[in-house]
Peer 1: 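Sharing a structure below in structure tokens format, with a few things to ask.
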Amino acid sequence: MTGPANPAPEPLISAARIAARVDELAAEIDVQYAGVDDLVLIGVLKGSFIFLADLSRRLTVPHRIEFIAVSSYGDAESTAHPGDVRLIMDIRHRVYGSHVLLVEDIVDTGHTIAYLQRLLAARGPASLRTCALVRKPERAEVEVPVDYLGFDIPDVWVVGYGLDWAERYRTLPDICVVHPEP
Ligand code: 5GP
């Protein structure tokens, strides 16, 4: 007998805990950028879109929003070779001289963030920092600076709060774990 086509997600981090942590991150970011009038939040599509929307609405510091998209894993399978990250969609407006805060869903091996940090640093921003919703320390292959972090999690596949498994489960309010059949 074969396993279920769609694994049942099990809650890992509740919506209430996420909301409380996003409040704390926004407060830290407000302090860091107090008085700055050219802050740009760059959301990494697609997984960060809900996190970015919540974080942005909790900030009091003025900021603009950009999006960037890179190639990532295909569905639930890891198909990326180390360092093999491709730009799918670039930001629309220049960031030269602006304060950039990169907003990512997950730091897994770290290659995606390392690539994006190199790409954006080369464009001459006034500063470049990174905010990530979750990080999997056990999976780290490259050291990447993460200035604002929601949660460290174990080596599991997470969905919900914008994160998908084969484009499913993005709208679950909690961050949940799925155990896809091998
Ligand atoms: P990295 O380059 O750090 O290995 O991979 C980062 C990207 O892999 C994330 O932005 C995300 O798109 C994807 N990813 C890694 N782990 C997970 C996971 O547990 N769930 C989901 N939905 N995406 C993941």
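Note that ligands are numbered from 1 as they come in the structure, with each ligand's atoms numbered from 1 the same way.
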Peer 1: Would you confirm whether S71, through its side chain, and R86, through its main-chain N or O, come within 3.5 Å as a donor-acceptor pair?
Peer 2: yes
Peer 1: Which ligand 1 atoms are under 4.0 Å away from a heavy-atom of T109?
Peer 2: 1 (P), 2 (O), 3 (O), 4 (O)
Peer 1: Counting each atom of ligand 1 from 1 as listed, which ones have a heavy atom of D105 under 4.0 Å away?
Peer 2: 9 (C), 10 (O), 11 (C), 12 (O)
Peer 1: Using a strict cut-off of less than 4.0 Å between a Lys/Arg side-chain nitrogen and an Asp/Glu carboxylate oxygen, indicate whether R64 and E66 qualify as a salt bridge.
Peer 2: yes
Peer 1: Please list, in number order, the atoms of ligand 1 under 4.0 Å from a heavy atom of H111.
Peer 2: 2 (O), 3 (O)
Peer 1: Please name the residue in the list L133, I113, T112 that meets the side chain to side chain contact (heavy atoms under 4.5 Å, CB included) test with V107.
Peer 2: I113
Peer 1: Would you indicate which of Y161, W157, Y115 comes nearest to atom 24 (C) of ligand 1 when only heavy atoms are counted?
Peer 2: W157
Peer 1: Using a plain distance cutoff, I'd like to know if V107 has any nitrogen or oxygen under 3.5 Å from a nitrogen or oxygen of ligand 1.
Peer 2: no
Peer 1: With nothing but distance in play, are any N or O atoms of W165 less than 3.5 Å from an N or O of ligand 1?
Peer 2: no
Peer 1: Is it the case that the side chain of S48 and the backbone of F51 share a donor-acceptor pair, with hydrogens and angles ignored and the cut-off at 3.5 Å?
Peer 2: no
Peer 1: What pairs of residues pass the salt bridge (Lys or Arg N to Asp or Glu O under 4.0 Å) test when at least one of them lies in residues 96-107, not counting sequence neighbours?
Peer 2: none
Peer 1: Within the structure, is a non-hydrogen atom of D164 found at a distance of less than 4.0 Å from ligand 1?
Peer 2: yes
Peer 1: Hey, what do you get for CG (L39) to CD (Q32), rounding to the nearest 0.5 Å?
Peer 2: 10.0 Å
Peer 1: With sequence neighbours left out, write down each residue that passes side chain to side chain contact (heavy atoms under 4.5 Å, CB included) with D23, or none if nothing qualifies.
Peer 2: R58
Peer 1: Any sub-3.5 Å donor-acceptor pair from R21's side-chain atoms to L149's backbone N or O?
Peer 2: yes
Peer 1: Once you restrict to heavy atoms under 4.0 Å, what part of T112 touches ligand 1? Side chain, backbone, both or neither.
Peer 2: both
Peer 1: Going by distance only, is there an N or O of L163 that falls short of 3.5 Å from an N or O of ligand 1?
Peer 2: no
Peer 1: Taking 4.0 Å as the limit for heavy-atom contacts, which would you say applies to V156 with ligand 1: side chain only, backbone only, both, or neither?
Peer 2: backbone
Peer 1: Answer yes or no for K136: is there a heavy-atom contact with ligand 1 below 4.0 Å?
Peer 2: yes
Peer 1: Answer with yes or no whether I153 contacts ligand 1, where contact means a heavy atom under 4.0 Å from a ligand atom.
Peer 2: no
Peer 1: Which one holds for E104 and ligand 1: side chain close, backbone close, both close, or neither close, with close meaning a heavy atom under 4.0 Å?
Peer 2: side chain
Peer 1: Work out whether the distance between some heavy atom of G47 and some atom of ligand 1 is less than 4.0 Å.
Peer 2: no
Peer 1: If we ignore hydrogens and angles and just use 3.5 Å, is the side chain of K136 paired with the main-chain N or O of V156 as donor and acceptor?
Peer 2: yes
